[in-house]
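No experiment lies behind these values; they were computed from the predicted model shown. Labels below follow one simple rule: chain letters A, B, ... track the order of the sequence lines, proteins then strands, and each chain is numbered from 1. Any value given below was found using the heavy atoms of this structure, including those in side chains, with hydrogens, waters and symmetry copies removed.
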2 protein chains.
Amino acid sequence: MEEQQKKILLVEDDPNFGTVLKDYLMMNDYEVVHAKNGMEGFEKFKKDDYDLCILDVMMPYKDGFTLAKEIREKNSDIPIVFLTAKAMKEDVLKGYKVGADDYLNKPFDSEVLLMKIKAIMQRKATETVADSKQFEFKIGGFDLNSKLRFLKYKDNEPVKLSPKENELLRLLALHENDLMPRELALTKIWRDDNYFTSRSMDVYIAKLRKYLKVDDKVEILNIHGEGFRLVVNPEQ
Amino acid sequence: MEEQQKKILLVEDDPNFGTVLKDYLMMNDYEVVHAKNGMEGFEKFKKDDYDLCILDVMMPYKDGFTLAKEIREKNSDIPIVFLTAKAMKEDVLKGYKVGADDYLNKPFDSEVLLMKIKAIMQRKATETVADSKQFEFKIGGFDLNSKLRFLKYKDNEPVKLSPKENELLRLLALHENDLMPRELALTKIWRDDNYFTSRSMDVYIAKLRKYLKVDDKVEILNIHGEGFRLVVNPEQ
DNA sequence: GTACCATTTAACCTTACATTAACAAAAAAA
DNA sequence: TTTTTTTGTTAATGTAAGGTTAAATGGTAC
């Protein structure tokens with residue numbers, strides 16, 4: 001079977017560069033919609049379904065990060081690649097926190113871009129099976145069923161989880177033993193990152209800790225200023 | 001697709017040599033902005049994003065090293081190449097302190113310069129978010145995980161590190177057994193080099209020494225007036 | 001309406017972090 | 001040598017982030 005053409009939303013204000021990039025991607029069998037600025041980009045995004053967004057970071061009126069945030073509010077799973085002239089760490093981090101799948105510093109090698117796109121599509125393709133459709137987790141002595149929203153410890157009665165509790169624990173479980181950045185949870189679950197959503201998340205962390213207390217091998221650690229880490233300690 | 005043009009900031013006070021070099025680079029498909037002195041160089045640097053800086057060391061008013069330091073305070077990652085009249089040892093050391101990526105002795109072969117630029121660009125281009133981050137280090141009996149910010153000695157409980165402790169130890173580890181100049185840490189981590197940040201760094205060195213005390217093969221030595229050296233002694 | 005639930009906001013407290021101060025010790029300079 | 005500079009170390013300070021509980025909000029079902 002012929003593979004379905006993947007659809008890319010390209011938001012790039014530089015008309016020359018944008019056109020060249022669009023043509024190049026189309027030559028490589030992608031369907032490309034080119035928006036000339038953030039506003040137009042968001043309109044086009046809402047009107048159709050895409051497999052990937054490529055956003056220029058520096059654009060007048062609405063920069064790439066802001067656009068990404070809006071896109072994420074609509075669809076928390078779509079892969080986003082940022083194009084940036086800056087190699088600055090802050091930017092890299094900021095993008096990462098919005099949930100960037102990759103980063104390209106302009107200027108970049110077109111071959112590199114293609115490979116990255118391919119890799120992301122690949123990853124998302126397998127991730128769909130593995131990650132976004134993964135609803136059952138073993139966390140130490142716990143079983144989390146995030147489709148039915150319950151958490152069971154061994155043979156105890158299952159505990160019902162609220163939607164937010166559930167999503168947060170699931171996100172932590174997906175990152176088990178690794179850093180789960182604050183901003184990731186805030187953008188993915190709360191779809192907004194501000195003081196109050198952040199505090200709200202802390203409240204939920206406290207709730208989850210209470211549930212997890214029955215198994216002393218399982219704990220949620222904080223990495224100050226970064227995020228949380230769900231760790232499962234091996235048997236003592 | 002045609003490769004995107006790379007942007008170079010060239011700071012060179014000699015008008016003849018500067019113009020010739022600029023033309024030569026432009027002939028080789030680089031976009032070049034030529035500043036005639038350090039002051040102008042810094043202004044131009046702030047106004048735009050560059051992929052590389054080429055700085056003459058000897059310039060009136062503001063020399064290349066001072067300029068490099070200012071540039072580093074704004075962007076700790078941008079590659080810097082120094083042009084020096086001769087291979088003075090002090091100069092090499094000085095450049096090393098501000099994190100020079102390369103050195104060229106005037107007069108130099110223009111082919112060599114091109115090759116070096118290409119190599120640096122190449123290195124930076126393949127440095128994506130993922131692989132540029134080297135997070136795990138073995139330091140004697142220690143394991144440093146600078147993503148999760150902890151330091152573990154053998155099977156002991158991991159010790160949590162603060163962001164500054166973490167970055168400093170990471171920088172020391174990157175220079176293991178070699179000099180890690182004070183100035184480098186100050187410009188890269190503190191992004192400022194003055195009496196107070198310097199004292200602050202000393203405080204952090206003391207903290208790290210305390211952590212590292214459990215392994216007597218590992219120590220942080222001071223090189224008076226120069227910086228620190230993380231040494232790992234072989235088994236006795 | 002009110003009873004119920006999830007979620008947010010508030011309040012208060014604790015911990016974490018970076019900086020600065022202070023003084024001692026070591027090294028270099030005079 | 002004496003003096004000055006640099007470094008070692010501990011403690012004090014101020015601020016920000018996180019932990020936790022309770023109350024307020026807001027939506028939904030009854």
Side-chain angles (χ1 to χ4, degrees), chain A residues 93 97 146 148-151 159-172 179-186 188-213 218-231, chain B residues 97 146 148-151 157-172 179-213 218-231:
Chain A
L93 216 75
K97 284 173 179 171
S146 65
L148 303 176
R149 292 213 324 250
F150 69 74
L151 179 67
V159 178
K160 285 203 240 174
L161 298 179
S162 84
K164 285 255 151 65
E165 290 168 347
N166 177 55
E167 285 189 78
L168 185 55
L169 186 53
R170 179 169 175 274
L171 206 54
L172 284 164
L179 170 67
M180 194 279 295
R182 273 193 103 82
E183 283 74 7
L184 181 70
L186 292 174
K188 278 218 169 201
I189 300 176
W190 276 265
R191 306 185 154 214
D192 188 18
D193 176 357
N194 61 45
Y195 172 78
F196 291 108
T197 53
S198 189
R199 297 305 286 129
S200 192
M201 172 172 165
D202 290 332
V203 172
Y204 278 96
I205 290 289
K207 292 180 186 194
L208 291 180
R209 281 185 173 136
K210 214 172 276 179
Y211 296 145
L212 298 176
K213 217 158 38 189
V218 177
E219 54 185 336
I220 297 176
L221 300 183
N222 175 254
I223 300 175
H224 199 95
E226 299 289 339
F228 294 94
R229 194 156 84 92
L230 176 67
V231 296
Chain B
K97 284 178 184 171
S146 67
L148 301 178
R149 290 212 324 245
F150 69 72
L151 179 68
E157 267 298 290
V159 178
K160 286 204 219 178
L161 299 180
S162 86
K164 285 260 150 70
E165 292 168 348
N166 179 54
E167 286 189 77
L168 185 56
L169 185 53
R170 180 168 176 275
L171 205 55
L172 284 164
L179 170 67
M180 194 281 294
R182 277 192 100 83
E183 254 185 298
L184 183 68
L186 293 173
T187 52
K188 279 221 169 198
I189 300 176
W190 275 265
R191 293 176 161 253
D192 187 18
D193 176 357
N194 61 46
Y195 171 78
F196 291 109
T197 53
S198 188
R199 297 305 289 131
S200 193
M201 172 172 165
D202 289 330
V203 171
Y204 279 96
I205 290 289
K207 291 181 184 189
L208 290 181
R209 282 185 173 135
K210 212 173 277 179
Y211 296 145
L212 297 176
K213 218 158 37 189
V218 178
E219 53 186 335
I220 297 176
L221 300 183
N222 174 255
I223 299 171
H224 200 93
E226 298 293 342
F228 295 93
R229 199 157 81 90
L230 175 67
V231 296

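Note that CD1 of Ile223(A) is 8.0 Å distant from NZ of Lys160(B), once rounded to the nearest 0.5 Å. The distance from atom CG of Asn166(B) to atom OG of Ser146(B), rounded to the nearest 0.5 Å, is 5.0 Å. To the nearest 0.5 Å, the span separating CD on Glu183(A) from CE on Met180(A) amounts to 10.0 Å. With values rounded to the nearest 0.5 angstrom, Leu184(A) atom CG is found 5.0 Å from Leu171(A) atom CG. With rounding to the nearest 0.5 angstrom, the NZ atom of Lys207(A) is 11.0 Å from the CG atom of Leu161(A).
Fit an axis to the five pairs at each end of the helix from dG1(C)-dC30(D) to dA30(C)-dT1(D) and the two axes sit 30° apart, to the nearest 10 degrees.
When rounded to the nearest whole Å, the span between CE of Met201(B) and C1' of dT9(D) equals 15 Å. Summarising the geometry, the separation between OH on Tyr195(A) and P on dT15(D) is reported as 16 Å, rounded to the nearest angstrom. Computed from coordinates, the Glu226(A) CD to dA16(D) P distance equals 18 Å when rounded to whole Å. In this entry the distance linking CZ of Arg209(B) with C1' of dT10(D) reads 14 Å, nearest Å. One can place CG of Leu221(B) at 14 Å from P of dT7(D), the figure rounded to the nearest angstrom. Going from atom NZ of Lys164(B) over to atom P of dA17(D) covers 13 Å, rounded to whole Å. One interatomic measurement links the two molecules: CG of Leu208(A) to P of dG19(D), which rounds to 12 Å at whole-angstrom precision.
Within the nucleic acid shown, Arg149(B) comes within 4.0 Å of sugar-phosphate atoms alone, with no base atom in reach, counting heavy atoms only. Using a 4.0 Å heavy-atom criterion, one finds that Ser162(B) contacts the sugar-phosphate atoms exclusively. The residue Phe228(B) sits close only to the backbone: its heavy atoms come under 4.0 Å of sugar-phosphate atoms, none of a base. Within 4.0 Å of Asp202(A), counting heavy atoms only, lies at least one base atom of the nucleic acid.
Residues satisfying the side chain to side chain contact (heavy atoms under 4.5 Å, CB included) test with Pro163(A), not counting sequence neighbours, are Arg149(A). Under the side-chain hydrogen bond (donor to acceptor under 3.5 Å, both in side chains) criterion, Tyr211(B) pairs with Glu165(B), sequence neighbours left out. For Ser200(A), the side chain to side chain contact (heavy atoms under 4.5 Å, CB included) test picks out Trp190(A), Tyr204(A), with sequence neighbours left out. Looking at residues two or more places apart in sequence or on another chain, you find a side-chain hydrogen bond (donor to acceptor under 3.5 Å, both in side chains) between Thr197(B) and Asn194(B). The side chain to side chain contact (heavy atoms under 4.5 Å, CB included) check on Arg209(B) picks up Ile205(B), Ile220(B), Asn222(B), Phe228(B), with sequence neighbours excluded. In terms of the side chain to side chain contact (heavy atoms under 4.5 Å, CB included) criterion, residue partners of Ser198(A) (sequence neighbours excluded) are, by chain and number, Arg182(A), Leu186(A).
Heavy atoms only, all atoms of each residue included: Leu212(A) and Leu169(A) are closest at CD1-CD1, 4.5 Å. The two residues Met201(A) and Leu168(A) make their nearest non-hydrogen contact at O-CD2, 4.2 Å.
Within residues 179-186 of chain B, no residue has any heavy atom under 4.0 Å from DNA chain C.
Applying the salt bridge (charged side-chain N to carboxylate O under 4.0 Å, His left out) rule to pairs touching residues 219-229 of chain B yields Lys97(B)-Glu226(B), sequence neighbours excluded.
The nucleotide range of DNA chain C contacted by chain B, defined by atoms under 4.0 angstrom from heavy atoms of the protein and reported 5' to 3', is dC17(C) to dA28(C).
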side-chain contact (heavy atoms from CB on, under 4.5 Å) between Leu172(A) and Leu208(A), worked out: CA-CA 11 Å; Leu172(A) 284 164; Leu208(A) 291 180; 4.0 Å; yes
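The backbone N or O of Thr187(B) sits nowhere less than 3.5 Å from a side-chain atom of Asp193(B) that would complete a donor-acceptor pair.
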With 3.5 Å as the limit, what N/O pairs link the protein to nucleotides 21-26 of chain D?
| unit_1 | atom_1 | unit_2 | atom_2 | d |
| --- | --- | --- | --- | --- |
| dT21(D) | OP2 | Lys210(A) | NZ | 3.0 |

Every protein N/O lying under 3.5 Å from an N/O of nucleotides 2-5 of chain D:
none

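A 4.5 Å side-chain heavy-atom check between Lys210(B) and Lys213(B) finds at least one atom pair inside the cut-off.
Remark: Arg199(A) is not in phosphate contact with dG18(D), judged by side-chain N or O atoms under 4.0 Å from OP1 or OP2.
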